[in-house]
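Below you'll find the structure, written out as structure tokens, and then a few comments.
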Amino acid sequence: MKKSFLSKLINAPYILWSAIFIVVPLIIVAYFTFTNKNGSFSLENIYEIPDYTGIFLRSIIYALVATAITLVVSYPFAYFMSRTKVRTQSMMIMLVMLPMWMNLLIRTYSWTTILEKTGLINSFFGLFGLGPYNLIGTSGAVIVGMVYNYLPYMILPIYTSMSKIDKSYIEAAKDLGSSSFDSLKRVILPLTLPGIISGITMVFVPSVSTFYIADKLGSTKTLMIGDVIQKKFDIDVYSGIGASLSLVLMVIILICIVFMNRFSDSEDGGIIV
Amino acid sequence: MKTLGKIINALIFIFLYAPIAVMIVFSFNSSRSTYVFEKFSLKWYGEFLNSTITITAVKNTLLLAVVSALIATVFGTIASIGIYNLKSKTAKGAIMGVTNIPMMNPDVVTGVSLMLLFVFIGRFLGLASSLSVYTILIAHITFNLPYVILNVLPKLRQVGNTYTEAARDLGCTYSKAFLKVIFPNIYSGILSGFLMAFTLSLDDFVISYFTNGTGFQTLPLLIYSKTKKSVKPDIYALSTVIFVAVLLLLILVNSIKAKSEKQQKTKRSSKAKNIVLTVVSATVCIAIIAYSAIPSENYNEFSKKLKCKYTTSLAGSTLNVFNWGEYISDGIDDTLNVIEAFEDTTGIQVNYDNFDSNETMYSKLKSGAVAYDVIIPSDYMIERLKNEKMLRKLDYSKIPNYKFIDKKYKNLYFDEKNEYSVPYSVGKTGLIYNSKMVKGKVDSWSVMWDEKYKGQVLTFNNSRDAFSIAQFMLGQDVNSTKKSDWKAAAQLLKKQNKVLQARVMDEVFTKMPGNNAAIAPYYAGDFLTMYDSNENLRFVYPKEGVNVFVDSLCVPSNAKNYEAAMMFINFMLEPEVALANAEYICYASPNTAVVNNDNYSLKGNEILYPKKKVKEQYYHNIDSKTRNYYEKLWEEVLLS
Amino acid sequence: MSNKKNILELKNITVSFDGEKILDDISLSISDKEFVTLLGPSGCGKTTTLRIIAGFLEPDSGDVFFDGEIINSLPANKRNVNTIFQRYALFPHLNVYDNIAFGLKVKKVPKDEIKKRVKEMLKLVNLEGFEKRSIAKLSGGQQQRVAIARAVINKPKILLLDEPLAALDLKLRKDMQTELKNIQKQLGITFIFVTHDQEEALSMSDKVVVMNEGKIQHIGTPQDIYNEPVNAFVADFIGESNIIDGVMLDDFKVKIEGVTLQCLDKGFKTNEAVDVVIRPEDVDIVHPEKGLITGEVTSVTFLGVHFEIIVDVNGFKWMIQTTDESKVGDKVGLLIEPDAIHIMKKSKYSGLYGDYSSFSDEMDEISNPDVEIVSEED
């Protein structure tokens with residue numbers, strides 16, 4: 001008896017906190033979505049959403065492409081990393097995580113030096129009489145920015161699930177006649193699926209909602225929904241359309257997470273982080 | 001196979017570290033460019049160490065990260081125990097579901113929703129400013145909590161109930177059992193939760209952006225405002241220092257781990273303790289270094305040059321200033337650090353924040369999210385603020401230095417009776433071009449439509465300035481309320497799309513000097529900054545006309561420290577201060593004491609102070625119907 | 001060369017890790033259809049030997065012959081050998097059917113045939129109807145059977161079993177021993193079985209290879225090994241033994257504890273110091289006067305089938321298993337038949353084993369703070 005009372009007491013502050021600072025804010029977002037400037041119920045913000053379909057689609061496509069690239073790049077990286085010596089592994093993990101400690105804005109900004117018309121890449125091509133190519137301001141630059149910033153979020157979960165694989169599974173596969181490729185395809189890949197899925201979620205979610213990256217590395221033609229929302233709230237704190245776009249973004253993310261969770265048998269039922 | 005792996009991994013590391021290498025290399029650049037490396041120099045390290053704003057931002061960031069992570073860790077650990085002991089599965093599921101929200105929700109949405117909540121509560125409680133250091137703290141705790149819980153809860157599950165039961169069996173009370181048995185076992189989870197929270201808080205930009213209040217700038221926010229304009233290598237220098245510090249820290253932790261793994265007899269707990277000790281002591285070291293690096297410049301000499309006497313009667317009070325980014329002399333390159341000089345002279349503590357557009361500033365003020373004592377809006381925004389009764393009349397008797405303001409800039413349309421504003425800086429739009437890339441005489445905006453320069457033309461990425469160019473070409477009034485006028489201008493802008501390389505704002509600071517584009521419209525003073533790094537650039541005031549703007553010092557109606565605001569405004573008009581600002585900003589000064597000063601390096605500059613009359617027009621506040629109309633047209637232009 | 005065909009031969013195999021010799025000059029030949037057990041305590045190198053045969057490890061020196069051909073560096077997937085792993089290593093992402101079919105799928109065997117053969121296998125291991133079951137939902141015994149099916153479906157010439165029964169409880173272990181033996185007979189292939197359980201080794205094998213410290217100590221049939229251990233280590237490791245210092249007076253005459261006994265061994269030098277092995281069940285307790293050797297009972301434990309009695313003879317403690325009860329403090333006589341005495345040459349293990357005055361080695365280990373107990377082999 002005493003214990004359950006205690007646990008209720010112990011939970012009360014946290015429940016209160018999450019109600020006020022997690023649930024209520026979302027209700028307020030919904031409130032602004034469904035009211036007009038005078039505070040009465042209105043669907044005008046909903047009607048405006050279709051104008052942003054293009055930007056939503058663009059954000060989703062960019063995020064998908066960036067996620068796909070990070071996956072394709074990270075998987076072999078994690079695979080080879082997991083096969084090196086333990087000391088090397090922890091060293092490499094450290095090196096993968098290190099850039100995450102640097103400010104995202106600075107890291108992103110540095111890319112302009114690399115990608116500009118007179119930047120490092122074009123100077124390099126210039127040595128061979130090639131270019132200059134238009135790199136900055138393109139969708140490619142935005143995607144490179146996203147891949148760069150979110151790559152560790154893909155590498156780490158894949159590596160973790162890779163290093164968790166009991167070595168005997170791989171030996172068993174070999175023993176049963178698999179070549180290295182066979183055991184990669186039939187054993188390692190399926191066993192690292194949870195890592196892949198959490199990697200995809202961890203890259204896709206921030207990518208689709210990112211702001212700043214598209215702003216700095218892209219152009220007005222590559223603007224993403226995060227930038228739009230930021231700008232809406234910049235010029236109007238009570239932006240109804242901003243609220244409605246946030247709501248749509250949230251729903252997209254939710255759908256994505258539910259969809260991804262169907263692939264994994266996460267026991268907690270929550271998201272995998 | 002093995003070599004293939006090595007190649008792939010090497011390429012990825014190159015990819016991961018290329019931007020960081022760029023950052024480190026350019027932090028040692030002797031010039032302010034982040035594109036062209038001139039000479040090795042350590043000056044940017046000195047600059048950031050001498051910049052109060054940067055150091056304060058570092059301190060704030062560390063303070064916020066430590067405090068929010070600590071609170072979140074304690075709170076999150078208690079919450080985890082509560083959640084773990086919950087009997088009901090549905091309750092558990094519901095709490096965990098809510099806990100997950102801040103993790104899966106996009107940062108933008110979390111930030112926006114918290115901001116809305118704070119503004120809502122602030123309005124409800126009738127607070128003058130609803131956002132403050134506490135709101136950013138709450139926001140950080142909120143997004144840190146799930147990560148702590150996520151680290152502690154699995155440990156609790158791992159430990160299970162048997163230990164508690166064993167401890168109880170051996171005569172412990174519940175709390176003692178927790179301290180003696182559970183805590184040591186979930187300790188590593190708590191620690192990693194704390195570290196994760198600390199890191200996230202340290203690096204958070206998005207949520208801080210929406211929830212921070214007056215005068216509490218964190219490093220990411222500072223960097224954001226700095227990267228809005230051309231990045232100077234000082235921020236690279238700072239980042240390099242952080243990079244090296246983190247690198248050393250990680251190496252230290254790693255080697256300790258390796259050592260204790262070798263010494264098999266070392267027990268696990270002491271290993272963990274070692275790591276904690278190093279992490280904590282390293283963090284503390286960084287904090288102490290940051291704290292002790294407060295620059296201590298002496299302003300005694302300087303104060304003798306002041307025209308007015310400044311009392312220290314308001315010493316200890318706080319003054320909140322809201323200004324454009326990079327719009328005040330900040331002490332870099334041996335200039336005067338105006339804020340510090342003011343603080344030193346008056347004893348008033350200044351909180352200095354940046355905005356990047358009139359509209360952003362307006363919306364923040366209007367919502368009551370923030371409260372400031374001094375703001376520096378542009379002409380049309382002053383008109384709007386005045387109309388909406390958001391400005392307070394100034395007490396000119398306390399601003400004797402107002403006498404230095406040029407008559408030209410008094411009685412302007414937005415403040416006809418000189419009641420609300422004191423001009424600070426004057427600018428004009430104009431056309432910048434690269435003489436190596438553009439041939440022939442340039443005197444008209446029409447060159448921006450010339451197909452010869454396809455892919456080399458930049459234009460404004462803000463609706464009003466972009467429209468104004470089309471309006472000047474069409475000979476319209478830039479403040480027209482006729483829909484047909486705006487429509488025609490939009491048509492013209494759409495035609496421009498095919499020659500455009502990009503729509504930019506501050507990116508021109510890198511694009512034009514870097515020869516990345518041939519033609520761009522921008523503000524006259526900024527041209528001078530660009531010219532410093534590329535002498536092939538030229539500037540003209542196109543014959544069709546240009547926009548002129550006056551940014552003025554004003555006091556919002558909800559200002560808390562009116563007297564200090566008067567003092568600050570007067571101080572800003574001090575010839576020495578105004579000179580430093582004029583030199584720093586590079587815009588035309590409305591201050592006669594500056595314009596006629598022989599020490600003023602830009603005295604009589606043809607571009608800032610043209611002798612020939614330039615055809616120019618002010619923007620006025622445009623009614624919301626027209627504004628909405630042209631904003632819609634603008635979006636069409638963008639999408640076409 | 002014997003007339004039986006050698007399917008596998010190890011010649012002078014040596015393996016070191018970090019400068020430590022794990023296998024030291026191992027040579028071993030295994031005939032077709034034989035059930036061979038590698039027996040030894042943890043760290044003796046038995047699993048390493050198995051891994052060399054499986055192809056997970058290349059020897060530093062020495063050769064592995066399979067059907068007369070050197071296969072030292074032939075990768076595991078190309079060897080006609082399959083393994084049952086210590087904890088089975090059943091793929092957790094696949095169900096029973098897919099686990100068993102794995103090897104055939106890799107070899108791109110037609111689907112119909114896979115289906116047929118998996119069915120046969122399931123029948124062989126008594127798991128019909130379990131096709132769709134997920135691995136996590138199987139009991140230890142069922143997992144064991146799946147592991148067998150998964151390995152033998154590939155029709156290997158040799159099946160390697162790495163302590164496959166270690167994870168099962170006693171009763172199930174006994175049943176599986178019989179079943180494994182049956183399966184081996186049914187399939188008619190060679191089994192190489194690794195265990196540290198001497199009972200398991202004795203009951204199942206055609207041939208037992210006793211290993212210690214990276215060296216083969218004794219190769220022989222279970223009876224050979226039990227009755228004629230080559231040294232004190234083997235004698236102690238296989239069953240319980242009293243190992244007493246003795247002197248060979250002449251052929252068939254050995255002197256222990258000051259008493260000369262008749263024995264069946266010969267060929268030693270006169271007065272050669274030897275180790276004398278006497279199994280506890282071969283000693284009879286009689287009246288002191290009737291015994292050849294006398295001693296005092298120091299402990300009596302009732303074990304159901306018999307009593308385990310420790311008798312102190314001049315400070316050396318004998319273990320005796322008998323159905324006759326004695327009391328602590330009784331003076332007793334010990335009677336030993338000549339065929340119960342086995343004489344061994346002195347080896348480096350002499351004097352280390354066979355005295356019951358102390359606890360077992362394992363007990364010594366857990367009481368010693370300087371020794372770290374390693375439960376996992378390799």
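Just so we're on the same page: letters track the sequence lines, and every chain starts at 1.
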- Task: Find out whether A/Tyr212 and B/Val206 are in side-chain contact, i.e. whether some heavy atom of one side chain is under 4.5 Å from a heavy atom of the other.
- Result: no

- Task: Tell me, for B/Ala517 versus chain A, whether the close heavy atoms (under 4.5 Å) come from the side chain, the backbone, both or neither.
- Result: neither

- Task: Tell me, for B/Thr199 versus chain A, whether the close heavy atoms (under 4.5 Å) come from the side chain, the backbone, both or neither.
- Result: side chain

- Query: Nearest 0.5 Å, what's the CD-OH distance between A/Gln230 and B/Tyr209?
  - Reply: 4.0 Å

- Does A/Asn11 use its side chain to pair, donor to acceptor, with the backbone of B/Gly82 at less than 3.5 Å? yes

- Item | Which portion of A/Asn122 sits near chain B, non-hydrogen atoms under 4.5 angstrom | neither

- Message: Can you confirm whether A/Lys37 is buried at NZ, in the sense that more than 12 heavy atoms of other residues, nucleotides or ligands lie under 6.0 Å from that atom?
- Response: yes

- Message: What I'd like to find out is whether the side chain of B/Leu247 reaches to under 4.5 Å of the side chain of A/Trp101, using heavy atoms alone.
- Response: no

- Message: Going by the rule side-chain hydrogen bond (donor to acceptor under 3.5 Å, both in side chains), which residues pair with A/Ser123 if we only count those two or more places apart in sequence or in a different chain?
- Response: none

- Item | Given A/Leu26, A/Ile27, A/Ile28, A/Ile22, the one that forms side chain to side chain contact (heavy atoms under 4.5 Å, CB included) with B/Leu117 | A/Ile28

- Query: Should B/Val22 and A/Trp111 count as side-chain neighbours, where that means a heavy-atom distance under 4.5 Å?
  - Reply: no

- Using non-hydrogen atoms and a 4.5 Å limit, figure out which bit of A/Val73 sits close to chain B: side chain, backbone, both or neither. both

- Identify which part of A/Ile225 has an atom lying under 4.5 Å from any heavy atom of chain B, answering side chain, backbone, both or neither. neither

- Item | Top contributor to chain B interface from A/Ile55, A/Val147, A/Asp51, A/Leu254 [non-hydrogen pairs under 4.5 Å] | A/Val147

- Checking A/Tyr52 against chain B: side chain, backbone, both or neither under 4.5 Å from a heavy atom? side chain

- Message: With rounding to the nearest 0.5 angstrom, report the CE to CD1 distance, B/Met361 to A/Ile235.
- Response: 13.0 Å

- Using a 4.5 Å cut-off on heavy atoms from C-beta on, say whether the side chain of B/Tyr236 contacts that of A/Tyr109. yes

- Message: Does any backbone or side-chain atom of B/Met115 lie under 4.5 Å from a heavy atom of chain A? Answer side chain, backbone, both or neither.
- Response: side chain

- Residues pairing under salt bridge (Lys or Arg N to Asp or Glu O under 4.0 Å) where one sits in residues 92-116 of chain A, two or more places apart or in two chains, turn out to be A/Glu116-B/Lys511

- Interatomic distance, A/Asn103 atom CG to B/Ile223 atom CD1 [nearest 0.5 angstrom]: 4.0 Å

- Query: Which class fits the ring pair A/Phe21 and B/Phe118: parallel under 30°, tilted 30 to 60°, perpendicular over 60°?
  - Reply: tilted

- Message: When you compare the side chain of B/Phe13 with that of A/Val96, does any pair of heavy atoms fall below 4.5 Å?
- Response: yes

- Message: How long is the straight-line distance from CE of B/Met104 back to CD1 of A/Ile253, given to the nearest 0.5 Å?
- Response: 9.5 Å

- Within-4.5 Å side-chain heavy-atom neighbours: A/Phe80 and B/Lys6: no

- Query: Strictly by modelled atom types, are B/Ser80 and A/Tyr14 linked by a side-chain donor-acceptor pair under 3.5 Å?
  - Reply: no

- Electrostatic pair B/Glu635-A/Lys231, nearest N-O below 4.0 angstrom: no

- Part of B/Phe143 within contact of chain A (heavy atom distance under 4.5 Å): neither

- Query: So does A/Met100 have more than 12 non-hydrogen atoms from other groups sitting under 6.0 Å from CE?
  - Reply: yes

- Task: Against chain B, label A/Ile114 side chain, backbone, both or neither, depending on which of its atoms sit under 4.5 Å from a heavy atom there.
- Result: side chain

- Task: Go through the atoms of A/Pro206 and report whether side chain, backbone, both or neither lie under 4.5 Å from a heavy atom of chain B.
- Result: neither

- Query: Using non-hydrogen atoms only, which part of A/Ser239 is less than 4.5 Å away from chain B: side chain, backbone, both, or neither?
  - Reply: neither

- Message: Is B/Leu11 close to chain A through its backbone or its side chain, or both, or neither, when contacts mean heavy atoms under 4.5 Å?
- Response: neither

- Item | Portion of B/Asn461 that has a non-hydrogen atom of chain A nearer than 4.5 angstrom | side chain

- Pairwise side-chain contact, A/Met81 with B/Ile12, heavy-atom cut-off 4.5 Å (strictly under): no

- Is A/Asp234 close to B/Phe355 at the side-chain level, that is, under 4.5 Å between some pair of heavy atoms? no

- Message: For A/Phe211 and B/Phe205, I'd like to know if the aromatic rings sit close, meaning centre-to-centre distance below 6.0 Å.
- Response: yes

- Report yes or no: does A/Tyr148 contribute a side-chain atom to a donor-acceptor pair with the main-chain N or O of B/Leu16 at less than 3.5 Å? yes

